[in-house]
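Basis for what follows: all heavy atoms, side chains included, without hydrogens, waters or symmetry-related copies.
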Amino acid sequence: MLGLVAILEIVVGRNSPESRDETLWFVLPALAVLVTPIFLRRRFPLGGPAVYWVLAAALAVIDWRPIPYAVAQFPTGLAVAFLLGNLRSTRKTAIGLAIVIAGSVIVVYEIPGHSTAELIFIPLEFAIAWLAGFAVRGRSEQAEAAELRAAAAEQERDAASRLAVAEERARIARELHDIVAHSVSVMVLQVGAVRHNLENERVDDGEALKGVERAGRTALAEDAPPARAMRMEGEEAELLPQPGLDGLGSLLDEVGRAGLPVELHVEGDACPLPRAIELSAYRIVQEGLTNALKHARATRADVTMRYEPSALQLEIRDDGLGSTTSDGLGHGLVGIRERVKIYGGEMSAGAGNGGGFVLTTRLPLAP
């Protein structure tokens, strides 16, 4: 656009005393060619703008009048100097600065009657435009680096989240395996006891029970290698039984000794629950209180266990500053969410109306 303005300035002012009609046929195409390399700057970031200044110096040597007479060429030169300063390569920007200064000095030098101040300050103005481009380049590089760091951090968070989910699912699978293996072991022992106490004449019943006992023992033997594979390297099998709701009292006492007093509230009529539901409820309370103790800086907490006809609802409320999604070991809210998802339950976590942090889960008692 500025190139067209410069051409119009030459055409409209051709009758002025400063114009030379005998070179008009040369000046107009020369100005058109002068601005053409600028359109190639995307493909040639250094070459396009640099050729502009080379052509400008060459045009000034042939005929000094067009460039200073076409006022629009001055902002065009500033823009091109800015582009040369905005190059990504420091070496190329230095080359661009040398070209800008050399080209502008030649253009000013070819003007008859130029002063020393013009020979110094006019190239200095173009150098300042180059410096502005260089400064913008630095800001752009910082912004790009920040975006790359943010993207890398997001990828790391996603990877850590996926790892936490995988570890928690493996942990849940191990716990459920222990429950099932224990139940099968009890069934095998009871079947064996019944078979040994059968009367001798009930041979058919004894053989049937013997087949059941043999199938149970085979299942336990075949299940042992996959169970070992589910454990992480160096992790030993837990010899203690999996905890349940009957162990909540000990858990709350332990958390209280660690510095977080906890009060348990039970609502509704307590009823026997599936062992897996009891274990998940215990782990949910354990993780919720651990987060409150380690991350929320809470001074007290309340655990409400609400028995409903078709579900068990848990609420862990503290007066702290909030919680985190993980305790660094792949548990925390990530683990709680996975446990709730397995049973098709519901979970919510966030700031409470009266302050603090509230974690609520609902575990259906039947699928």
Side-chain angles (χ1 to χ4, degrees), residues 153 157-158 160-169 171-172 175 238 240 242-271 273-308 310-365:
R157 285 194 298 269
D158 292 342
S161 178
R162 289 193 295 269
L163 179 61
V165 169
E167 290 181 354
E168 187 61 23
R169 288 176 178 175
R171 182 190 185 200
I172 295 172
E175 293 176 346
E238 296 183 5
L240 296 177
Q242 296 290 354
L245 294 180
D246 54 352
L248 277 183
S250 300
L251 173 64
L252 301 187
D253 292 340
E254 181 180 350
V255 174
R257 288 192 296 271
L260 180 64
V262 184
E263 186 174 351
L264 176 64
H265 309 273
V266 180
E267 300 178 3
D269 298 329
C271 61
L273 301 175
R275 186 61 181 168
I277 293 292
E278 283 203 26
L279 172 61
S280 292
Y282 179 91
R283 294 299 189 199
I284 289 172
V285 174
Q286 183 183 41
E287 298 294 352
L289 293 178
T290 299
N291 277 344
L293 181 63
K294 289 185 176 181
H295 307 292
R297 290 187 287 179
T299 59
R300 65 181 303 277
D302 292 277
V303 176
T304 301
M305 188 166 54
R306 188 174 297 109
Y307 287 90
E308 299 177 356
S310 59
L312 175 66
Q313 185 169 335
L314 298 169
E315 180 183 280
I316 300 96
R317 179 186 296 269
D318 63 62
D319 61 352
L321 302 177
S323 185
T324 60
T325 57
S326 174
D327 61 3
L329 300 176
H331 305 313
L333 296 184
V334 173
I336 294 174
R337 185 174 293 107
E338 288 302 310
R339 290 184 180 276
V340 173
K341 185 195 301 183
I342 285 178
Y343 297 102
E346 301 172 356
M347 169 188 165
S348 64
N353 293 331
F357 191 83
V358 180
L359 169 66
T360 304
T361 63
R362 186 177 183 275
L363 298 174
L365 301 182

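Listed by chain and number, the residues in a salt bridge (charged side-chain N to carboxylate O under 4.0 Å, His left out) with Glu346 amount to none (sequence neighbours excluded). In this structure, the salt bridge (charged side-chain N to carboxylate O under 4.0 Å, His left out) partners of Glu315, at least two apart in sequence or on a different chain, are Arg317.
A salt bridge is absent between Arg257 and Glu254; no separation between the charged side-chain nitrogens and carboxylate oxygens falls under 4.0 Å.
Note that OG1 of Thr361 is 4.0 Å distant from CG of Leu314, once rounded to the nearest 0.5 Å. Note that OH of Tyr307 is 10.5 Å distant from CG of Asp269, once rounded to the nearest 0.5 Å. Distance CD/Glu263 to OG1/Thr304: 9.0 Å, rounded to 0.5 Å. Taking CD of Glu287 as the reference point, atom CG of Leu359 lies at 10.5 Å (rounded to 0.5 Å). The CG atom of Asn291 sits 11.0 Å away from the CD atom of Gln286 when rounded to the nearest 0.5 Å. The line from CD1 of Ile284 to CD1 of Ile336 is 6.5 Å long, rounded to the nearest 0.5 Å.
The two residues Gly259 and Leu293 come nearest to each other via the heavy atoms C-CD1, 4.3 Å. Heavy atoms only, all atoms of each residue included: Ala351 and Phe357 are closest at N-CD1, 4.3 Å. Scanning both residues, Leu260 and Ala298, for their nearest heavy atoms gives CD1-O, 3.7 Å. Considering every non-hydrogen atom in both Leu312 and Leu365, the closest pair reads N-CD2, 4.1 Å. Between Arg362 and Val340, the shortest heavy-atom contact is O-CG1, 4.4 Å. Here the closest heavy-atom approach between residue Gly344 and residue Pro364 is recorded as O-CG, 3.7 Å.
Here the side chains of Val262 and Ile316 are not in contact, with every heavy-atom distance at 4.5 Å or above. Looking at Arg283 and Leu279, their side chains come closer than 4.5 Å, going by heavy atoms from C-beta outward. Within the 4.5 Å cutoff, the side chain of Met347 has heavy atoms near those of the Leu333 side chain.
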*May I have the step-by-step check of side chain to side chain contact (heavy atoms under 4.5 Å, CB included) for Leu363 and Leu273, ending in yes or no?*
CA-CA 11 Å; Leu363 298 174; Leu273 301 175; over 6 Å; no

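For Asp158, the CG atom counts as densely surrounded, since its 6.0 Å shell holds more than 12 non-hydrogen atoms of other residues, nucleotides or ligands. Summarising the local packing, CD of Glu267 is surrounded by more than 12 heavy atoms from other residues, nucleotides or ligands at distances under 6.0 Å.
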